[in-house]
Participant: 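After the structure tokens below, expect a handful of questions from me.
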Amino acid sequence: MPDSDTAAPRVRFAPSPTGYLHIGGLRTALYNFLFARRHGGVFILRIEDTDRSRFVDDAEADILSALDWSGLAFDEGPGKPGRVGPYRQSERRALYAEHAEQLVRDGAAYLAFDTPGELDLMRDRLATEANPNPRYDATTRLAMRNSLSLGDEASARLVNDGVPYVVRLRVDPGSDVRFTDSVRGEVTFSTDAVDDQVLVKSDGMPTYHLANVVDDHLMGITHVIRGEEWLPSTPKHMLLYRAFGWEAPAMAHLPLILSPAGGKLSKRNADTLGIPVFTSAYREEGYESSALLNYLAFLGWNPGDDREVYTLEELVQVFSIERVGSAGVHFDVAKLQWFNLQHLRSVDPTEIAARSRPALEAAGITFDASYTARVVALLSERLAFPQDLATTWRWFFDDPVSYEEQGVRKRWKEDSAGLVRTLADRMPSDEGFDHDGLESVLRDLAEERGIGAGRIIHPVRLAVSGVTTGPGLFELLVVLGRDTCVRRLVRAAECLG
RNA sequence: GCCGCGUUCGUCUAGGGGUCUAGGACGCCGCCCUUUCACGGCGGUAACACGGGUUCAAAUCCCGUACGCGGUACCA
């Protein structure tokens, strides 16, 4: 329906299966998704697997499952055929070859026979302090082995002899390439600074530059939304569109996600700071996908008002590419965790309980769905992650094995053991074992002894939980149940004296 | 080195010439909730990189410098 409307945008997320889905990649996918949904357009997933030397076998499966987990459903892509497939570049080789041939015929590209060794030699020869990275361009190409320097007959002979070659874009210096970027405005590059980019590698595979332009055109992509690392190669793409005589899609280059330590978020400078770089790790750490997406959406974009907590559906309603910022953004786990807390609040306790099961069982706790759900409900907004039940809140499942030292020093007095024992003796029977019943028993005891309620409340909390923090005392006692409470009170009285 | 992009509290940001003694959120700190608390309420800390212009008026426009980031591959 939307794809039959020519006015509807078509966007794509085009990851390379050279690794698992990076968190920055997820954000790029998210912005593409939001843009497509916001404008009633089509969101396409395209696998850019043209680098067979860096190909990772299960990367595509990881990308697919990460997208599925986060709810970024694509309309067309591998396993979801559309009219412009296939959606894996390795399955589109013939298309690139045809187009590369066309460029060569038109004189916009040429054949180059230089071996990797020869290229190194050229760079070594030409490299100076002032120019450490010599380019293969108009200033150097005539000194190299290509169809321009050798002539058509000579190069045809080489091709016939089976000499490997690449196809390079012929970039004419002396002009400017100008385009409007939706997030940065007008951007200009001089063709003097653009090299004769390789379009087809000697293994016959296209490079990203060729494949991306050919596919975006053939797939009817109207808006290219990608990371800023692509900005410097955009002039090459523009030159290609021009050479093919095609209209270029609108461009939007997203600010990069930076590590708090500086630089792109990578395994090296992020993992060590506790910031996972792969999407799957966020799932494993117990994040809500909606919270991750919410956080990612706000990394480089904001709706312009003070509201920050949004579901994916709500983000679709307010997203606009114009409000995307242009400066690099630092990843902040603390804020992500806050978003997670916000999102977890709206998840049903039964569901959270179910999700905590693996962690509880790994901790040796026998899973009890209804009891766990009651604990979750009691903890409500205090619970940051389902698996925290097995750590921070473990005492809801196992008797405390120790008592927080500082808490004992501060709250456990000479009379505590006696008070706790007395309370254990007076624990109401099953019918009276509720919030009010417990409170009156405790307060009566305080009054009887002529002491403040806190004198009993604090030791009791310590006795049953081992710590000094948690939900309201009476509510938690009710959840723990009479037998557990009595047992823990008596035990604490013995241990702490 | 060269090319490009960027620069408002520690972080994410609002701001698009006067309403800015710069607002919000996270974090942090304090107080309150006389039962706790990582919850909640209240309050606080903290920023327009620097230098020149333009203008009656600049965080907002222009130039330069510094700094950061990206690119500079037969990787994407």
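Lettering follows sequence order; numbering is per chain, from 1.
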Participant: Is the NZ or CZ atom of Arg394(A) positioned over Phe396(A)'s six-membered ring, under 6.0 angstrom from the centre and within 45° of the axis?
Facilitator: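 No; the conditions do not both hold, so Arg394(A) does not lie above the ring face of Phe396(A).
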Participant: Going 5' to 3' along nucleotides 19-36 of chain B, which nucleotides have protein heavy atoms under 4.0 Å from the base (write B), which only from the sugar-phosphate (write S), and which from neither (write -)?
Facilitator: -----SBS--------BB
Participant: What string of B, S and - do you get for nucleotides 70-76 of chain B 5' to 3' if you count protein non-hydrogen atoms under 4.0 Å?
Facilitator: BSB-BBB
Participant: Taking the P atom in each of A38(B) and C26(B), what is the distance between them to the nearest angstrom?
Facilitator: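 Each nucleotide's P atom is 15 Å from the other's.
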Participant: Does Arg461(A) have any side chain to side chain contact (heavy atoms under 4.5 Å, CB included) partners at least two apart in sequence or in another chain, and if so, which?
Facilitator: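 Here the qualifying residues are Ser465(A), Leu473(A), Leu476(A).
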Participant: Using Watson-Crick or G-U wobble geometry with both distances below 3.5 Å, tell me the partner of C61(B), or none.
Facilitator: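 Pairing partner, where one exists within any strand: G53(B).
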Participant: Across all strands, who's sitting opposite C31(B) as a Watson-Crick or G-U wobble pair, both distances under 3.5 Å?
Facilitator: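 G41(B) is the nucleotide pairing with C31(B).
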Participant: Which one, U11(B), C3(B), G6(B), comes nearest to the side chain of Ala193(A)?
Facilitator: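 Looking only at side-chain atoms, Ala193(A) lies closest to C3(B).
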Participant: Let me have the donor-acceptor pairs involving side chains of residues 121-134 of chain A, under 3.5 Å, with sequence neighbours excluded, atom names and distances please.
Facilitator:
residue: Thr128(A); atom: OG1; partner: Ala130(A); partner atom: N; Å: 3.4
residue: Thr128(A); atom: OG1; partner: Asn131(A); partner atom: N; Å: 3.0

Participant: Taking the C1' atom in each of G41(B) and C48(B), what is the distance between them to the nearest angstrom?
Facilitator: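 After rounding to an integer number of Å, I get 31 Å for this pair.
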Participant: With sugar-phosphate meaning primed atoms plus P, OP1 and OP2, does Ser190(A) contact a base, only sugar-phosphate, or nothing at under 4.0 Å between heavy atoms?
Facilitator: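 No contact at all - Ser190(A) keeps every heavy atom at 4.0 Å or more from the nucleic acid.
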Participant: If a protein heavy atom is under 4.0 Å from the base, mark B; if only from the sugar-phosphate, S; if neither, -; do that for nucleotides 42-50 of chain B going 5' to 3'.
Facilitator: ---------
Participant: When you check the phosphate oxygens OP1 and OP2 of C12(B), does a side-chain N or O of His330(A) lie under 4.0 Å from one of them?
Facilitator: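 For C12(B), OP1 or OP2 has a side-chain N or O of His330(A) closer than 4.0 Å.
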Participant: Taking only residues two or more places apart in sequence, or in another chain, which ones meet Phe179(A) in a ring pair (Phe, Tyr, Trp, His ring centres under 6.0 Å)?
Facilitator: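 Testing Phe179(A) for ring pair (Phe, Tyr, Trp, His ring centres under 6.0 Å), a comparison that skips the adjacent residues, returns none.
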Participant: Suppose we screen for side chain to side chain contact (heavy atoms under 4.5 Å, CB included). Which residues come up paired with Glu314(A), at least two apart in sequence or across chains?
Facilitator: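 So Glu314(A) forms a side chain to side chain contact (heavy atoms under 4.5 Å, CB included) with Arg307(A), Tyr310(A), Thr311(A).
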Participant: Please work out if Gly300(A) contacts a base, only the sugar-phosphate, or nothing of the nucleic acid, heavy-atom cut-off 4.0 Å.
Facilitator: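 The answer is sugar-phosphate, as Gly300(A) gets under 4.0 Å only of primed atoms, P, OP1 or OP2.
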Participant: Extract all donor-acceptor atom pairs below 3.5 Å that involve side chains of residues 319-331 of chain A and protein atoms in other chains or at least two apart in sequence.
Facilitator:
residue: Arg323(A); atom: NE; partner: Asn302(A); partner atom: O; Å: 2.8
residue: Arg323(A); atom: NH2; partner: Asn302(A); partner atom: OD1; Å: 3.1

Participant: Less than 4.0 angstrom between a side-chain N/O of Asn302(A) and OP1 or OP2 of A14(B), yes or no?
Facilitator: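 Answer is yes, contact under 4.0 Å.
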Participant: Across all strands, who's sitting opposite U72(B) as a Watson-Crick or G-U wobble pair, both distances under 3.5 Å?
Facilitator: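 G1(B) - that is the nucleotide pairing with U72(B), both distances being under 3.5 Å.
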Participant: Who pairs with Asp388(A) by side-chain hydrogen bond (donor to acceptor under 3.5 Å, both in side chains), at least two apart in sequence or on another chain?
Facilitator: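 In terms of side-chain hydrogen bond (donor to acceptor under 3.5 Å, both in side chains), with neighbours along the sequence ignored, Asp388(A) is linked to no residue.
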Participant: Any side-chain N or O of Arg323(A) below 4.0 angstrom from OP1/OP2 of G15(B)?
Facilitator: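 Yes.
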Participant: For Arg135(A), check salt bridge (Lys or Arg N to Asp or Glu O under 4.0 Å) against everything at least two apart and list the hits.
Facilitator: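 Checked Arg135(A) against salt bridge (Lys or Arg N to Asp or Glu O under 4.0 Å); matches are Asp137(A).
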Participant: With a cut-off of under 6.0 Å to the ring centre and 45° to the axis, is Arg46(A) in cation-pi contact with Phe13(A)?
Facilitator: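 No - Arg46(A) does not lie over the ring of Phe13(A) by the 6.0 Å and 45° rule.
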Participant: For Glu60(A), check side chain to side chain contact (heavy atoms under 4.5 Å, CB included) against everything at least two apart and list the hits.
Facilitator: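 If we apply the side chain to side chain contact (heavy atoms under 4.5 Å, CB included) test to Glu60(A), skipping adjacent residues, the hits are Ile47(A), Leu64(A), Pro78(A), Arg88(A).
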Participant: Does the side chain of Tyr136(A) pick up a donor-acceptor pair with the side chain of Asn146(A) at under 3.5 Å?
Facilitator: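 There is such a pair between these side chains.
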Participant: Quick one: list whatever passes salt bridge (Lys or Arg N to Asp or Glu O under 4.0 Å) with Glu447(A), sequence neighbours left out.
Facilitator: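 For Glu447(A) there are no salt bridge (Lys or Arg N to Asp or Glu O under 4.0 Å) partners, ignoring immediate neighbours.
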Participant: Find the partner of U11(B): check Watson-Crick (N1-N3 plus N6-O4 or O6-N4) and G-U wobble (N1-O2, O6-N3) distances, both under 3.5 Å, and reply none if neither fits.
Facilitator: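 Partner of U11(B): A25(B).
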